[in-house]
Amino acid sequence: IERIRAGTDIVGLISEYISLRQNGPRYIGLCPFHNEKTPSFSVSRDKQLYYCFGCHASGNAISFVMNMDGMSFVEAVRKLGLRMGIDVSEHLESDTERQKRHFREQVIDACEAAAKYYAWMLTDSKLGDRCRRYVEVRGIGDEAVKAFGLGYAPSGQSMDLLSAYLLKKGFDEKTLLEAGLSLKKKFGPGLMDAFRDRLMFPIRNTYGKTVAFGGRIISDDGRPKYINSKEGPAYSKRSNLYNLHLAAPVARSTGRMVLCEGYLDVIAVWNSGVKEVVASLGTALTQEQSKLIARHAGTALLSYDADSAGSAATSKGVKLLEDAGLEVKIVMMPAGEDPDSLYRKAGASRLRETVDAAASYIRFQVESVMAQA
């Protein structure tokens with residue numbers, strides 16, 4: 001623990017969360033623990049400590065991660081240990097446990113490499129021209145593309161462009177199959193890509209590591225609109241939320257988390273200026289996901305589609321979120337709209353106003369009944 005505490009560059013660590021600028025021997029920035037317009041948050045590299053002259057928050061690298069990521073002491077130490085390559089196990093690993101951990105790390109490394117490959121395909125490759133036009137039409141913007149690490153899964157006659165690339169980088173077939181990046185070819189040996197000709201949404205864990213993907217078609221050709229990575233050694237749908245790694249620090253400052261249904265809804269809300277936004281991953285909201293939200297915020301704003309299916313999902317979601325100790329409000333979308341469609345039709349200001357005007361669940365129920373009368 002002391003090696004981790006002493007060896008962590010606190011300025012580098014905190015700079016991953018907020019912007020710091022040097023002011024003499026210290027670094028200053030806007031405090032991540034309360035809202036302020038004038039910087040009062042000070043970080044000392046020499047002392048390896050931080051202090052806020054506004055809210056009086058203070059501590060070292062471990063306490064910073066505990067407060068920012070909503071982690072226990074052990075979880076924070078383990079996270080910082082991973083950054084430094086120090087194993088922080090509560091007990092000695094057996095050979096089997098060590099093999100499982102190494103394989104899980106290989107799966108994550110493969111997903112990280114795939115995310116970079118997809119991102120390059122979207123931003124720099126000629127193969128990504130159609131997808132770039134699609135992204136532009138959807139009004140996503142370069143800033144969002146970069147922040148969310150969006151990419152393009154190319155399509156070619158060989159159907160194995162990504163698989164061949166990752167195999168050349170040294171990943172084996174088992175790793176690519178378990179990561180959900182590749183499938184076995186139906187005829188003959190070898191692998192083919194699991195995602196082809198799709199806009200790619202990397203799914204990251206709480207540490208910001210890519211562990212899975214969602215892929216959306218960019219033209220209506222009869223294929224399923226979305227496909228998602230299977231669960232595996234590094235990924236569980238029930239225990240992850242899309243964009244949680246970016247939303248959590250903001251949610252701890254604002255006290256609220258916005259919960260949407262899909263990737264593009266999250267990006268639309270983010271583009272409107274509301275950064276504390278997440279989505280459940282192609283499944284109904286789970287107890288585990290509700291508890292994740294409760295670790296970072298006191299209020300949950302549900303923003304589901306304004307249709308019968310969305311209303312049913314809202315009712316189920318409210319109970320799970322309340323059971324997790326959250327105050328729940330409902331973002332009441334205009335009939336037939338979702339955050340993505342409202343953003344594209346009415347603009348960022350209208351969407352933000354709609355989110356900020358979230359109402360109580362009782363009011364949502366009353367207005368739903370009145371709308372059906």
Side-chain angles (χ1 to χ4, degrees), residues 1-93 101 104-105 108-109 112 147 204-211 234 239-241 243-257 275-276 278 291-299 325:
I1 292 172
E2 187 54 37
R3 283 176 59 205
I4 291 169
R5 194 189 341 251
T8 298
D9 175 13
I10 195 169
V11 173
L13 171 69
I14 294 178
S15 293
E16 295 176 11
Y17 294 81
I18 63 172
S19 295
L20 295 174
R21 63 179 178 84
Q22 191 165 5
N23 183 19
R26 295 178 177 268
Y27 293 78
I28 61 172
L30 295 175
C31 180
F33 303 118
H34 78 284
N35 292 319
E36 63 177 7
K37 295 183 179 179
T38 303
S40 61
F41 188 78
S42 174
V43 184
S44 169
R45 175 171 274 147
D46 293 337
K47 296 180 180 179
Q48 288 290 293
L49 297 171
Y50 65 87
Y51 180 76
C52 177
F53 292 91
C55 69
H56 307 296
S58 63
N60 56 28
I62 296 174
S63 61
F64 182 83
V65 170
M66 288 172 65
N67 290 319
M68 286 299 293
D69 292 347
M71 292 180 168
S72 67
F73 178 82
V74 172
E75 289 172 327
V77 170
R78 185 173 290 121
K79 176 176 180 175
L80 292 173
L82 286 171
R83 287 165 49 96
M84 300 176 64
I86 298 175
D87 179 34
V88 187
S89 299
E90 295 180 28
H91 58 85
L92 291 176
E93 286 182 309
R101 177 171 60 83
R104 184 170 62 252
E105 291 169 353
I108 293 174
D109 288 344
E112 287 275 275
R204 296 172 174 138
N205 62 18
T206 54
Y207 303 114
K209 296 290 187 180
T210 306
V211 293
S239 304
N240 283 275
L241 288 163
N243 194 47
L244 181 63
H245 68 296
L246 293 179
V250 188
R252 284 189 292 275
S253 176
T254 62
R256 69 180 190 178
M257 187 86 81
K275 307 299 185 183
E276 62 276 27
V278 296
K291 289 180 179 178
L292 272 179
I293 294 172
R295 288 176 64 175
H296 304 287
T299 302

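The shown structure was predicted, so the numbers you read here are calculated from the model rather than taken from an experiment. Any value given below was found using the heavy atoms of this structure, including those in side chains, with hydrogens, waters and symmetry copies removed.
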> About how many Å separate CG of Leu80 and OG1 of Thr8, when rounded to the nearest 0.5 Å?
Replying inline: 4.5 Å
>> Under the criterion side chain to side chain contact (heavy atoms under 4.5 Å, CB included), I'd like the reasoning laid out for Asp69 against Glu75: C-alpha separation, chi angles, the key distance, then a yes or no.
In response: CA-CA 10 Å; Asp69 292 347; Glu75 289 172 327; over 6 Å; no
> So how far is it from Gln48 CD to Asp9 CG, rounded to the nearest 0.5 Å?
Replying inline: 6.0 Å
>> Tell me whether Ile1 at atom CD1 has more than 12 heavy atoms from other residues, nucleotides or ligands lying less than 6.0 Å away.
In response: no
>> Could you measure the distance from the NZ atom of Lys47 to the CD1 atom of Ile10? Nearest 0.5 Å is fine.
In response: 12.5 Å
> Taking it one step at a time, do Asn35 and Ser253 satisfy side chain to side chain contact (heavy atoms under 4.5 Å, CB included)?
Replying inline: CA-CA 7 Å; Asn35 292 319; Ser253 176; 3.1 Å; yes
> When you measure from the side chain of Gln22 to the backbone N and O of Gly24, does any donor-acceptor pair fall under 3.5 Å?
Replying inline: yes
>> Evaluate Leu241 against Met257 for side chain to side chain contact (heavy atoms under 4.5 Å, CB included), listing each step before the verdict.
In response: CA-CA 11 Å; Leu241 288 163; Met257 187 86 81; 5.9 Å; no
> Is there a donor-acceptor contact under 3.5 Å from the side chain of Arg26 to the main chain of Ser42?
Replying inline: no
> Can you say whether the rings of Tyr17 and Phe64 are parallel (under 30°), tilted (30 to 60°) or perpendicular (over 60°)?
Replying inline: perpendicular
>> Looking at every non-hydrogen atom in both residues, tell me the closest pair between Phe33 and Cys55 and how far apart they are.
In response: CB-SG, 4.3 Å
> Is there a salt bridge (Lys or Arg N to Asp or Glu O under 4.0 Å) between Glu105 and Arg101 once you walk through the steps?
Replying inline: CA-CA 6 Å; Glu105 291 169 353; Arg101 177 171 60 83; 3.1 Å; yes
> Measuring from Ser58:OG to Asn67:CG, what's the distance to the nearest 0.5 Å?
Replying inline: 9.5 Å
>> Can you tell me how far apart CZ (Arg78) and OG (Ser72) are? Round to the nearest 0.5 Å.
In response: 8.0 Å
> Looking at OG1 of Thr210 and CG of Asp109, how far apart are the two atoms once the value is rounded to the nearest 0.5 Å?
Replying inline: 10.5 Å
> For the residue pair Ser40 and His34, what are the closest heavy atoms and their distance?
Replying inline: OG-CE1, 4.1 Å
> Shortest non-hydrogen contact from His245 to Asn205?
Replying inline: CB-O, 3.5 Å
> Closest heavy-atom contact between Ser15 and Leu20?
Replying inline: OG-CD1, 3.6 Å
>> Which heavy atom of Ile108 sits nearest to which heavy atom of Ala234, and what is that distance?
In response: CG1-CB, 3.6 Å
> Near Lys79 NZ, under 6.0 Å, is it more than 12 heavy atoms from other residues, nucleotides or ligands?
Replying inline: yes
> Of the non-hydrogen atoms in Glu36 and Gly29, which two are nearest, and what is the gap between them?
Replying inline: OE2-O, 3.7 Å
> For Lys209, does the NZ atom have more than 12 heavy-atom neighbours from other residues, nucleotides or ligands under 6.0 Å away?
Replying inline: no
> Below 4.5 Å, heavy atoms only, C-beta onward: do Lys275 and Thr254 meet side chain to side chain?
Replying inline: no
